[in-house]
J.: 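Quick one: the structure is below, questions incoming.
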Amino acid sequence: MTSPTSIPDDLSLAAQLEQLHATLAAHRSIGFPAAMDIDYGPVTPLFGMLINNVGDPDTDPDTSHTKAYEREVVDWHANLFGAPADDRWGYLTSGGTEANQAAVLLARDRFAGANPVLYYSEATHDWVRKTAGMLGLPEVVIRTDANGEVDYGDLRGELARRRDRPAIVVANAGTTVTEAVDNPARVRRVMSELAIRNSHLHVDGALAGVPLALLPDRPVAIDLGNVVDSVAISCHKFYGTTIPGGLVVTRRSLQRAARRISYTATTDSTVSGSRCGQLAVQMWYALRLLGEDGHRERAERARETARFAHSLLASVGWPAWRNVHAFTVYFTTPPAAIARRHGLSNADGGISHLICMPGVTRQQIEALAADIATVKGTEQPSPSRGVRRLVPVAQLPLTADRS
């Protein structure tokens with residue numbers, strides 16, 4: 001069932017709200033990354049009041065606010081991403097786009113007057129093009145490999161052409177279509193080998209930043225102490241908050257001095273002004289409720305579901321792929337009716353994906369596979385640009401996925 005596209009004016013207000021609730025409650029998509037396994041009911045009473053975390057999280061305004069909760073959320077993630085104990089800063093945003101924009105704005109201001117250049121891969125979310133235009137940053141788009149990871153050779157070449165200018169580089173921890181991951185340590189090494197003196201390495205970890213950092217062996221170095229300069233995540237993806245939100249974490253030493261605003265009794269250091277105080281409590285609740293071990297278990301269960309989906313699609317003979325550690329399984333786009341029925345996300349080039357976020361069930365995957373099995377043997381669309389070199393899932397070791 002899809003969300004409503006019109007408002008039924010012939011019903012009473014109570015009936016309209018009841019119908020809306022039923023419609024939205026029945027809407028379950030496996031194509032959009034939103035966890036559904038945390039019950040935020042205990043926080044619900046706070047939604048009957050205005051809670052405004054206006055301004056910098058470290059300065060308390062005269063309004064009703066929840067900044068103490070926000071500071072704990074920032075600190076928890078600063079620990080997760082290895083930020084120095086005496087050099088960390090961040091805040092909760094309206095979403096992943098604002099969190100990423102805040103980091104790039106900080107980077108631009110670091111190199112004000114020195115003509116910095118923004119580098120990002122062709123698989124990066126569209127927030128980056130919007131941000132480049134808003135901030136007036138020249139941009140260079142880097143090629144990716146077949147699975148969506150940045151082409152480090154192309155990155156090296158483009159950086160070398162402009163090595164005298166500051167570099168702002170965006171690395172992805174989970175691209176939008178394939179959940180590919182760029183290796184921040186390798187990106188940093190490329191910049192070091194080119195002797196680029198002024199650089200800012202930002203990680204867009206909207207989807208996979210936290211799940212990757214929770215892996216016991218930490219295979220991806222999202223390290224705010226020695227490798228990266230800022231990280232952004234989305235709250236409504238892995239944590240499944242009922243309010244769209246994001247979080248940016250960086251080092252305080254990278255900031256320029258912020259201006260004090262007497263009207264709000266806070267410091268003006270954020271992109272937005274007024275900010276949602278309920279989001280801070282939802283995030284705090286999720287962290288306190290489950291802790292690091294609980295969220296690590298959630299992530300691993302999601303990966304197990306993704307491995308199951310990967311294997312099941314192979315068993316019905318449907319071309320599909322999965323990057324290592326990913327919640328995402330991407331595959332040849334099925335007929336439109338099946339894609340709509342299961343809320344799949346379709347990308348250019350004949351590719352769809354499902355995202356096994358915490359809360360997605362095996363029953364949902366089985367239902368999709370059963371529908372796909374009904375069209376086995378019919379003509380399947382051929383993936384085009386960006387996936388043409390992928391290996392069919394049947395040729396990959398299902399336990400190891402892609403490495």
J.: Any donor-acceptor pair under 3.5 Å linking the side-chain atoms of Thr328 with those of Glu179?
T.: yes

J.: Hey, are His202 and Asp229 close enough side-chain-wise for a donor-acceptor pair under 3.5 Å?
T.: no

J.: Do NZ/NE/NH1/NH2 and the carboxylate oxygens of Glu292 and Arg296 come within less than 4.0 Å?
T.: yes

J.: If you look at every heavy atom in Leu105 and Val271, which pair is closest and at what distance?
T.: CD2-CG2, 4.2 Å

J.: We want to know whether Gln278 and Tyr40 form a side-chain donor-acceptor pair, criterion being a heavy-atom distance below 3.5 angstrom.
T.: no

J.: Measure the CG-CZ distance between Asp164 and Arg197 for me, rounded to the nearest 0.5 Å.
T.: 11.0 Å

J.: Is there a side-chain contact between Ser121 and Arg143 in this structure, where contact means two heavy atoms from C-beta onward sitting under 4.5 Å apart?
T.: no

J.: Under 3.5 Å, is there a donor-acceptor pair linking the side chains of Thr178 and Asn147?
T.: no

J.: Show your working on salt bridge (Lys or Arg N to Asp or Glu O under 4.0 Å) between Arg275 and Asp56 and close with a plain yes or no.
T.: CA-CA 10 Å; Arg275 297 184 294 109; Asp56 189 279; over 6 Å; no

J.: Quick one, Ser352 and Pro334 - any side-chain contact, counting heavy atoms below 4.5 Å?
T.: yes

J.: Spell out, as yes or no, whether a donor-acceptor pair under 3.5 Å connects the side chain of Asp182 to the backbone of Val150.
T.: yes

J.: Any donor-acceptor pair under 3.5 Å linking the side-chain atoms of His200 with those of Ser230?
T.: yes

J.: Answer yes or no: is there a donor N or O on one side and an acceptor on the other, between the side chain of Arg161 and the main chain of Gly157, under 3.5 Å?
T.: yes

J.: Within the distance-only criterion (no hydrogens, no angle test), does the side chain of Arg252 pair as donor or acceptor with the backbone N or O of Asp87 below 3.5 angstrom?
T.: no

J.: So does Glu18 have more than 12 non-hydrogen atoms from other groups sitting under 6.0 Å from CD?
T.: no

J.: Does Phe331, at its CZ atom, have more than 12 non-hydrogen atoms belonging to other residues, nucleotides or ligands within less than 6.0 Å?
T.: yes

J.: Between Arg298 and Asp293, does at least one N-O distance fall below 4.0 Å, as a salt bridge requires?
T.: no

J.: How close do Ala309 and Val329 get, heavy atom to heavy atom, and via which atoms?
T.: CB-CG2, 4.2 Å

J.: State whether Asp223 and Arg188 are salt-bridged, where the test is any N-O pair (Lys NZ or Arg NE/NH1/NH2 against Asp/Glu carboxylate O) under 4.0 Å.
T.: no

J.: When you measure from the side chain of Ser234 to the backbone N and O of His236, does any donor-acceptor pair fall under 3.5 Å?
T.: no

J.: Give the minimum heavy-atom separation between Leu11 and Gln16, together with the two atoms involved.
T.: O-NE2, 2.9 Å

J.: Is any side-chain N of the basic residue among Glu158 and Arg162 closer than 4.0 Å to the acidic one's carboxylate O?
T.: yes

J.: State the NE2-CG distance between His125 and Leu207, to the nearest 0.5 angstrom.
T.: 11.0 Å

J.: Checking Arg303 side chain against His325 main chain: does a donor-acceptor pair fall under 3.5 Å?
T.: yes

J.: Would a distance-only check, ignoring hydrogens and angles, find a side-chain to backbone donor-acceptor pair under 3.5 Å from Ser311 to Arg307?
T.: no

J.: Kindly say whether Ile351 contributes a backbone atom to a donor-acceptor pair with the side chain of Thr333 at under 3.5 angstrom?
T.: yes

J.: Enter the distance from Glu149:CD to Asn323:CG here, rounded to the nearest 0.5 Å.
T.: 8.0 Å

J.: Less than 4.0 angstrom from a charged side-chain N to a carboxylate O is my criterion; do Glu193 and Arg156 meet it?
T.: yes

J.: I'd like to check Ile142 versus Tyr152 (side-chain heavy atoms, cut-off strictly below 4.5 Å). Are they in contact?
T.: no

J.: Once you round to the nearest 0.5 Å, how far does CG of Leu135 lie from CG of Leu118?
T.: 8.5 Å

J.: Using only heavy-atom distances, determine whether the side chains of Thr144 and Asp151 contain a donor-acceptor pair under 3.5 Å.
T.: no

J.: About how many Å separate SG of Cys276 and CG of Asn53, when rounded to the nearest 0.5 Å?
T.: 8.0 Å

J.: Between the main-chain N or O of Gly225 and the side-chain N or O of Arg251, is there a donor-acceptor pair closer than 3.5 Å?
T.: no

J.: Is the shortest side-chain heavy-atom distance between Val54 and Thr63 below 4.5 Å?
T.: yes

J.: Consider only side-chain N and O atoms of Arg88 and Asn79, and report whether a donor and an acceptor are under 3.5 Å apart.
T.: yes

J.: Say you draw a straight line from CG of Leu354 to CD of Gln364; how long is it, rounded to the nearest 0.5 Å?
T.: 10.0 Å

J.: For the residue pair Trp318 and Val375, what are the closest heavy atoms and their distance?
T.: CZ3-CG2, 3.8 Å

J.: Determine the interplanar angle of the Tyr239 and His77 rings, folded into 0 to 90°, and report it as parallel if under 30°, tilted if 30 to 60°, perpendicular if over 60°.
T.: perpendicular

J.: Output yes when a side-chain donor or acceptor of Glu139 lies under 3.5 Å from a complementary backbone atom of Arg129, and no otherwise.
T.: no

J.: Are Ser269 and Gln255 linked by a side-chain donor-acceptor pair shorter than 3.5 Å?
T.: no

